[in-house]
Colleague: 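A single structure is presented below for examination.
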Amino acid sequence: MELVIGVAQRLEPVAKREKITRVLEGAVLASLFLEASTRTRLSFGSAFSRLGGAVRETVGLTFSSMAKGESIADTARVISGYADIMAIRHPEAGSVAQFAKASLVPVINAGDGAAEHPTQALLDIYTIEEEFATRDKRLDGSHILFVGDLKYGRTVHSLLKLLSLYERMTFTLLAPELLSMPASIVELAEFRGHRVIQLSALPTEPDRVDVIYTTRIQRERLQGEQIEGYSPDFHVNTAFVNHVGDPSTVIMHPLPRDSAPASNDLSTDLDNDPRLAIFRQTDRGIPIRMALFALILGVADNIEASYREPPWHHPSQPGANSS
Ligand code: NCD
């Protein structure tokens with residue numbers, strides 16, 4: 001985790017378009033997104049392109065030969081002949097591990113059903129580290145509040161696992177009872193010595209939290225649970241943040257946020273609040289995914305030597321750290 005974040009920091013000039021590089025010239029990424037995606041798919045593709053590689057993709061199960069009944073194993077073997085690395089999103093838990101088993105080239109999990117979303121967790125950790133650095137805070141010993149669909153939200157599964165590698169953490173897990181965090185992940189965090197508090201409503205006088213990480217109800221994954229949107233208790237808005245947070249609290253969401261009024265997802269009344277880190281968070285997907293590609297394909301040591309000035313006009317304030 002530290003290695004990936006260190007390389008991501010070195011790649012910030014590329015993410016901010018201050019430098020260009022071609023360290024992955026000639027390499028091909030196969031991007032298979034068999035489930036809906038905007039930021040993960042485009043940021044994987046942009047990250048690979050910004051390192052000088054080419055991206056070939058297929059989107060949606062119906063447009064791939066898996067709709068004709070092709071197995072994961074055959075698909076993985078075929079793509080291995082076309083590309084040097086794959087990024088895969090698939091609706092079934094465990095499917096990406098099956099791809100990796102049959103593939104002759106490295107495979108990155110871009111989300112497998114309700115199970116895991118490891119690259120999102122890495123960019124979330126990077127975001128917390130960077131946001132805390134501006135507040136003179138450390139992750140060890142901090143208090144993280146997870147709010148929302150903790151059952152089907154894969155981002156919170158992967159993030160809680162990674163956060164439990166830090167020390168002396170407190171995790172508050174606030175979710176409707178039907179959507180609570182899987183017991184195996186709670187047990188892992190407890191086994192690693194952290195304090196885990198599971199709630200289905202906020203107390204009148206809650207402890208201050210350092211991070212509020214909220215999620216969308218994964219409506220497409222519900223299995224009969226009668227939940228259309230959150231009750232207002234789970235609605236992260238200015239009043240909620242003032243209730244549990246302080247001026248240094250960081251507010252995060254993997255996005256997309258559900259804009260249907262009844263969804264009670266993260267409120268737009270926080271949009272001008274400097275504590276809202278959601279777009280700095282999405283920006284950081286680029287350096288993190290570039291770092292993964294550079295490390296996996298063995299070019300991380302060549303980065304700085306390869307830098308050139310962009311010959312094209314570039315935005316003056318792109319990338320992480322802009323608001
Ligand atoms: C998430 C996902 O796909 O798991 N989005 C993302 O990749 N940033 C969260 C979601 O869909 O709610």
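Both counts, for ligands and for their atoms, begin at 1 and track the order of listing. The chain is numbered in sequence order, starting from 1.
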Colleague: To which protein heavy atom is atom 4 (O) of ligand 1 closest, and what is the distance rounded to 0.1 Å?
Modeller: R154 NE, 2.7 Å
Colleague: Compute the minimum heavy-atom distance from T215 to ligand 1 and say whether it is under 4.0 Å.
Modeller: no
Colleague: Just by distance, with hydrogens left out, do D124 and Q281 show a side-chain donor and acceptor under 3.5 Å apart?
Modeller: yes
Colleague: Do any nitrogen or oxygen atoms of P256 come within less than 3.5 Å of a nitrogen or oxygen of ligand 1?
Modeller: no
Colleague: Less than 4.0 Å is my threshold; does some heavy atom of G285 fall inside it relative to ligand 1?
Modeller: no
Colleague: Would you kindly say whether H143 and T172 are connected by a side-chain donor-acceptor distance under 3.5 Å?
Modeller: yes
Colleague: Tell me, please: is E35 in heavy-atom contact with ligand 1, that is, under 4.0 Å?
Modeller: no
Colleague: Using a 4.0 Å cut-off to any heavy atom of H117, which atoms of ligand 1 qualify?
Modeller: 2 (C), 4 (O), 6 (C), 7 (O)
Colleague: Say whether T155 and Q120, considering side chains only, have a donor N or O and an acceptor N or O under 3.5 Å apart.
Modeller: no
Colleague: Under a plain distance cut-off of 3.5 Å, with no hydrogens placed, do R275 and T249 share a side-chain donor-acceptor pair?
Modeller: no
Colleague: Is R89 positioned over the aromatic face of F33, cation under 6.0 angstrom from the ring centre and no more than 45 degrees off axis?
Modeller: no
Colleague: Starting from atom 5 (N) of ligand 1, locate the nearest protein heavy atom and write down its residue, its atom name and how far away it is, to 0.1 Å.
Modeller: L255 O, 2.9 Å
Colleague: Under 3.5 Å, N or O to N or O, is R216 touching ligand 1 that way?
Modeller: yes
Colleague: Which ligand 1 atoms are under 4.0 Å away from a heavy-atom of T40?
Modeller: 6 (C), 7 (O)
Colleague: Do the side chains of K137 and D210 get close enough for a salt bridge, i.e. N-O under 4.0 angstrom?
Modeller: yes
Colleague: Taking heavy atoms and a distance under 4.0 Å, where does T155 meet ligand 1: side chain, backbone, both or neither?
Modeller: side chain
Colleague: Hey, are Q9 and E130 close enough side-chain-wise for a donor-acceptor pair under 3.5 Å?
Modeller: yes
